There are 2 protein chains.
Amino acid sequence: MAIRIVIADDHTMLREGLAQALDSIPDIEVIATAADGRELLTLLAEITPDVILVDIEMPRLSGIGALRKLEGAPPAIVVTMHSEDEQRRKAAAAGAKGFLSKSAPLPDLAAAIRSVAAGEELLDAAATADILDRHRQPILDEGAAALTGRERELLSLLASGVSSTEDLADRLFISQKTVKNHLASIYDKLAITDRAQAVVEAIRLGIHR
Amino acid sequence: MAIRIVIADDHTMLREGLAQALDSIPDIEVIATAADGRELLTLLAEITPDVILVDIEMPRLSGIGALRKLEGAPPAIVVTMHSEDEQRRKAAAAGAKGFLSKSAPLPDLAAAIRSVAAGEELLDAAATADILDRHRQPILDEGAAALTGRERELLSLLASGVSSTEDLADRLFISQKTVKNHLASIYDKLAITDRAQAVVEAIRLGIHR
DNA sequence: GCCGCGATAGGGCGGAGGACCTATTGCGCT
DNA sequence: AGCGCAATAGGTCCTCCGCCCTATCGCGGC
């Protein structure tokens with residue numbers, strides 16, 4: 001269901017941080033990370049993600065070096081510190097399907113992951129913007145996509161700890177009956193049975209704050 | 001309650017990724033981020049975090065430059081790509097309280113944040129390891145710290161979507177009565193009233209999987 | 001040896017919550 | 001004009017949940 005990705009970067013803070021951030025996006029799942037090119041190769045001998053995210057600058061074996069050895073089995077996106085044309089050219093030559101600066105916003109990275117997962121290429125800097133726009137929205141679950149605005153509001157409140165029918169009704173300025181109706185509709189769409197499961201789903205789908 | 005921090009780094013992927021990763025630690029709260037030194041200064045004119053995390057290499061105004069202007073109001077930890085003594089020396093001179101490589105593991109970063117929040121200094125590379133060790137454990141809420149092992153197991157199951165008394169009893173191989181007793185104890189300790197709120201707390205406290 | 005407490009289990013009681021059904025209003029699309 | 005649907009609200013029924021109280025067993029500490 002979700003797009004399964006692997007992240008390779010030698011800086012733990014970026015690697016683990018990005019892993020957590022991407023994992024929290026409903027349609028993206030980080031299944032493993034690697035601290036250098038060799039680790040990445042070892043990893044890919046065992047598992048096959050849908051998309052690989054590689055940093056260029058890494059000890060032992062660089063991202064570009066790793067890609068050359070892989071010959072593009074799973075599509076790869078190269079991320080780098082200083083986005084220069086020379087690096088972009090090298091990445092493309094090594095078989096990368098995408099190229100992004102580490103300064104790119106996370107929604108762009110998510111869109112890029114969806115793009116290459118769908119078989120598109122993001123190498124031409126000019127064309128990239130258009131392609132990304134077509135992959136902006138996260139691919140939510142069937143049920144989650146069917147949620148109405150009011151249902152999302154209610155879920156968001158639930159996920160913030162407002163659990164009783166009375167409190168929910170007060171916060172939304174509607175009757176307790178309507179709260180129960182909305183909840184029943186949510187249970188139906190998400191295929192769950194109670195408020196506790198609704199909280200789990202709300203947080204998994206990123207419906208909170 | 002939680003340690004309030006601000007992150008300054010020009011690379012969005014590191015900045016936002018790290019923000020999300022740190023925010024998920026129960027006793028750490030990321031209240032804002034900045035993309036360069038100037039933004040950081042603007043931010044600190046408005047808000048006062050407990051700890052600042054700054055990258056050295058940033059456009060417009062470097063991390064070191066920003067620290068010099070701040071004169072160490074909130075304690076700062078400098079993070080950098082290539083951990084060299086020259087940079088460590090400069091960071092110390094600019095008033096930094098800590099110095100870490102971006103390759104440092106996240107638990108070390110969390111421990112470093114707790115250390116400087118507590119008023120300690122992490123500049124001597126040799127002494128750092130000992131100090132970090134003393135700040136390994138996350139500072140949980142009063143109530144959360146009082147949870148017993150079995151109560152955590154139950155919470156963890158709840159947070160994974162097992163919500164009915166019957167299912168919980170089956171998964172833990174205990175009677176439904178005991179499940180209710182454990183739940184009542186959890187409600188008491190966490191000052192909540194039902195399963196939905198328990199799920200919210202479980203996830204906030206990182207008790208899941 | 002006993003106290004405290006974690007883990008286990010039972011009973012009763014009242015209310016909240018979930019399932020099922022109907023109904024009205026207003027909006028947008030055809 | 002008519003359809004579909006989101007948002008609102010009401011009703012009934014019965015289960016399950018939260019609350020209060022009691023009780024046993026075994027372990028570790030004072």
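These values consider heavy atoms only, across backbone and side chains, with no hydrogens, waters or symmetry-generated copies. Residue numbers begin at 1 in each chain, while the letters A, B, ... track the order of the sequences. What you see is a predicted model; the values in this text were computed from it and never measured.
What separates CG of B/Asp188 from P of D/dG18 is a distance of 14 Å, to the nearest Å. A/Ile186 places its CD1 atom 11 Å from the P atom of C/dG18, with the value rounded to the nearest Å. Atom-to-atom, CZ of A/Arg152 to P of D/dA7 comes out at 11 Å; the value is rounded to the nearest Å. Straight-line distance from the CG atom of B/Leu147 to the P atom of C/dG6: 10 Å, rounded to whole Å. Atom pair B/Leu154:CG and D/dC17:P shows a separation of 12 Å (rounding to whole Å applied). Between the NZ atom of B/Lys189 and the C1' atom of C/dG6 there is a distance of 8 Å, rounded to whole Å. Nucleotide C/dG6 holds its C1' atom 16 Å from the CG atom of B/Leu155, rounded to whole Å. Atoms CG (B/Asp194) and P (D/dC19) sit 8 Å apart, rounded to a whole Å.
Scanning both residues, B/Ala146 and B/Glu151, for their nearest heavy atoms gives O-OE1, 4.2 Å. Summarising the geometry of A/Leu205 relative to A/Pro26, their closest heavy-atom pair is O-CG, 3.6 Å, with the distance given to 0.1 Å. Closest non-hydrogen pair, A/Val200 versus B/Ser160, comes out as CG1-C, 4.5 Å. Taking each heavy atom of B/Ala112 and B/Leu100 in turn, the nearest pair found is CB-CD1, 3.8 Å.
The C1' atoms of five pairs define one axis at each end of the helix from C/dG1-D/dC30 to C/dT30-D/dA1, and these two axes lie 50° apart (to 10°).
At least one side-chain nitrogen or oxygen of A/Tyr187 sits closer than 4.0 Å to the OP1 or OP2 atom of C/dG18. Taking 4.0 angstrom as the limit, B/Ser185 places none of its side-chain polar atoms (N or O) nearer than this to OP1 or OP2 of C/dG6.
DNA chain D lies under 4.0 Å from at least one heavy atom of each of the following residues of residues 163-182 of chain A: A/Ile174, A/Ser175, A/Lys177, A/Thr178, A/Asn181, A/His182.
Taking 4.0 Å as the cut-off between side-chain N and carboxylate O, B/Arg114 and B/Asp27 count as a salt-bridged pair. Using a 4.0 Å cut-off between charged side-chain N and carboxylate O, A/Asp10 and A/Arg15 make no salt bridge.
One finds the CD1 atom of A/Ile5 at 4.0 Å from the CD1 atom of A/Ile113 (value rounded to the nearest 0.5 Å).
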| message | Assess the residue pair B/Arg60 and B/Glu39 against the criterion (salt bridge (Lys or Arg N to Asp or Glu O under 4.0 Å)); give the C-alpha distance rounded to whole Å, side-chain angles, the decisive distance to 0.1 Å, and a yes or no. | response | CA-CA 10 Å; B/Arg60 299 213 300 169; B/Glu39 265 189 38; 5.2 Å; no
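Side-chain N or O atoms of A/Thr42 include one that pairs as donor or acceptor with a backbone N or O of A/Arg38 at under 3.5 Å.
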